[in-house]
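Predicted model only: the values in this text are computed from it and were never measured. In what follows, every chain begins at residue 1, and chains take the letters A, B, ... in the order their sequences are listed.
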2 protein chains.
Amino acid sequence: MSSNSPHQRRGNTRQRIQDVALELFAEQGYEKTSLREIAERLDVTKAALYYHFKTKEDIIISVFQDLTQPIDDLIEWAEGEPRTLETKREVLRRYSEAMAAGTSLYRFMQENQATVRELSIGDTMKKRLFALVELLRAPDAPLADQVRCISALFTLHAGMMFLQHVEGDPEETRKAALEVATDLITRAHHQQQP
Amino acid sequence: MSSNSPHQRRGNTRQRIQDVALELFAEQGYEKTSLREIAERLDVTKAALYYHFKTKEDIIISVFQDLTQPIDDLIEWAEGEPRTLETKREVLRRYSEAMAAGTSLYRFMQENQATVRELSIGDTMKKRLFALVELLRAPDAPLADQVRCISALFTLHAGMMFLQHVEGDPEETRKAALEVATDLITRAHHQQQP
DNA sequence: GTCTATAAGAGGATAGAC
DNA sequence: GTCTATCCTCTTATAGAC
């Protein structure tokens with residue numbers, strides 16, 4: 001995973017920039033993190049950053065592309081499957097795992113929505129989120145059931161972010177959130193086809 | 001409500017600043033909105049802003065204080081009530097209404113969490129959120145039920161923000177979200193005291 | 001691939017006239 | 001209560017030496 005190894009060797013500077021930048025972006029926000037700060041933490045100069053990335057935005061774009069590939073794969077896979085309850089459950093399961101694998105990025109996106117929306121990755125993210133919702137919901141179901149499907153996704157987010165600060169073991173909390181989310185789509189699905 | 005009247009008369013400048021600032025903050029984020037921009041939109045100068053507010057942060061603080069009083073009242077009320085299912089339902093109902101009345105502010109806080117966390121209102125907000133969770137959850141309940149209580153709150157948020165861009169009538173969506181949220185705490189409550 | 005130096009500008013904030 | 005003028009700091013970004 002890109003976020004937990006030091007990468008001390010020369011030649012990995014690009015990777016190290018991505019790691020440090022993501023860490024700082026997630027910690028204190030995108031706008032409040034300056035290139036000077038990133039450079040200082042890496043013991044290089046701002047100019048060195050510009051050798052590897054054309055702009056500040058390019059940094060977060062590259063991180064985003066590297067870490068959200070699993071979601072794209074998941075959507076592509078699910079769109080080729082029958083829309084059964086078991087498929088939906090698998091979607092939630094994999095989505096939860098993908099988030100756990102890229103915690104910092106997802107935390108960043110959750111807490112900097114206003115920023116992300118104006119960045120070029122905003123559109124991509126929005127499209128993916130909509131695609132996921134489309135996989136879960138039934139367009140002709142009652143409104144409350146549609147809400148349940150969206151709420152299921154939000155529950156996974158909540159489980160990743162908010163709950164981690166409250167409870168103990170993150171992995172246990174993640175599983176509890178997954179259980180509740182699965183419960184929600186199950187109800188929505190059953191009321192659809194009793 | 002502070003966010004839907006023009007306030008054209010002189011002498012309301014303070015109020016007009018609050019209105020315009022909140023609108024811009026919610027639209028494009030706190031950091032990306034400059035005092036110059038706020039002043040321009042009001043056809044005054046930056047210096048005029050500084051007559052009414054000591055800092056940029058002071059502006060959002062004052063808006064926050066004006067619009068989140070209902071939540072404080074709600075918490076105070078609920079802490080004096082028995083922790084029955086009906087009380088919890090009433091909490092969700094009122095919380096949902098309070099959010100509907102201050103949409104812009106809640107949208108702002110939702111989409112600028114990273115910023116809010118570093119502002120002085122961050123602590124206050126966090127305390128309120130925790131107080132709400134404490135009113136809903138039973139500390140000795142299974143983890144999944146605790147998640148349900150938190151998920152109920154997040155569902156109301158989701159209903160306010162995300163869903164509005166998808167579905168038609170906001171008020172209908174709000175009610176559907178409230179229904180799902182109520183459902184969630186009901187399950188958590190019943191499994192607690194069967 | 002990394003540095004020094006610097007451009008060019010925007011941001012928040014203040015002093016003091018009117 | 002609002003303006004003009006200005007300060008100072010920090011930002012992103014570039015040019016060009018090593």
Undergrad: Return one dot-bracket line describing DNA chain C 5' to 3' (Watson-Crick or G-U wobble pairs, both distances under 3.5 Å; ( ) same strand, [ ] crossing, | another strand, . none).
TA: ||||||||||||||||||
Undergrad: Show, in sequence, the C-alpha distance, side-chain angles and deciding distance for Leu119(B) and Tyr30(B), and conclude whether the side chain to side chain contact (heavy atoms under 4.5 Å, CB included) test is met.
TA: CA-CA 11 Å; Leu119(B) 261 33; Tyr30(B) 179 78; 4.2 Å; yes
Undergrad: For side-chain hydrogen bond (donor to acceptor under 3.5 Å, both in side chains), just list the numbers for Glu31(A) and Thr115(A), CA-CA rounded to whole Å, side-chain angles, deciding distance to a tenth of an Å, and then say yes or no.
TA: CA-CA 8 Å; Glu31(A) 341 261 352; Thr115(A) 302; 2.5 Å; yes
Undergrad: Determine the interplanar angle of the Tyr106(B) and Tyr95(B) rings, folded into 0 to 90°, and report it as parallel if under 30°, tilted if 30 to 60°, perpendicular if over 60°.
TA: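 Ring orientation, 0 to 90° scale: perpendicular.
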Undergrad: What side chain to side chain donor-acceptor pair (under 3.5 Å) pairs are there with at least one residue in residues 43-62 of chain A, not counting sequence neighbours?
TA: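 Applying side chain to side chain donor-acceptor pair (under 3.5 Å) to every pair that reaches into residues 43-62 of chain A, excluding sequence neighbours, yields Gln18(A)-Ser62(A).
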Undergrad: Between Glu37(A) and Lys32(A), does a side chain to side chain contact (heavy atoms under 4.5 Å, CB included) hold up when you go through it step by step?
TA: CA-CA 10 Å; Glu37(A) 206 175 351; Lys32(A) 289 205 77 170; over 6 Å; no
Undergrad: So which heavy atom on Arg89(B) is nearest to which on Thr182(B), and how close?
TA: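 It is NE-CG2, 3.3 Å.
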Undergrad: If I take atom CG in residue Leu49(B) and atom P in nucleotide dT4(D), what distance separates them, rounded to the nearest angstrom?
TA: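 The answer, rounded to whole Å, is 14 Å.
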Undergrad: Spell out protein contact along nucleotides 3-18 of chain C as letters: B when the base is contacted, S when just the sugar-phosphate is, - when no protein heavy atom is under 4.0 Å; keep the 5' to 3' order.
TA: BB------SBBBB---
Undergrad: Got a sec: does the CD of Glu172(A) have more than 12 other heavy atoms crowding it under 6.0 Å?
TA: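 No - once you tally the heavy atoms of other residues, nucleotides and ligands closer than 6.0 Å, there are 12 at most.
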Undergrad: To the nearest Å, give me how far apart CZ (Phe53(B)) and P (dT2(D)) are.
TA: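 Between P of dT2(D) and CZ of Phe53(B): 12 Å.
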Undergrad: Measuring from atom CD of Glu97(A) to atom CG of Leu178(A), what distance do you get when rounded to the nearest 0.5 angstrom?
TA: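 CG of Leu178(A) is found 8.0 Å from CD of Glu97(A).
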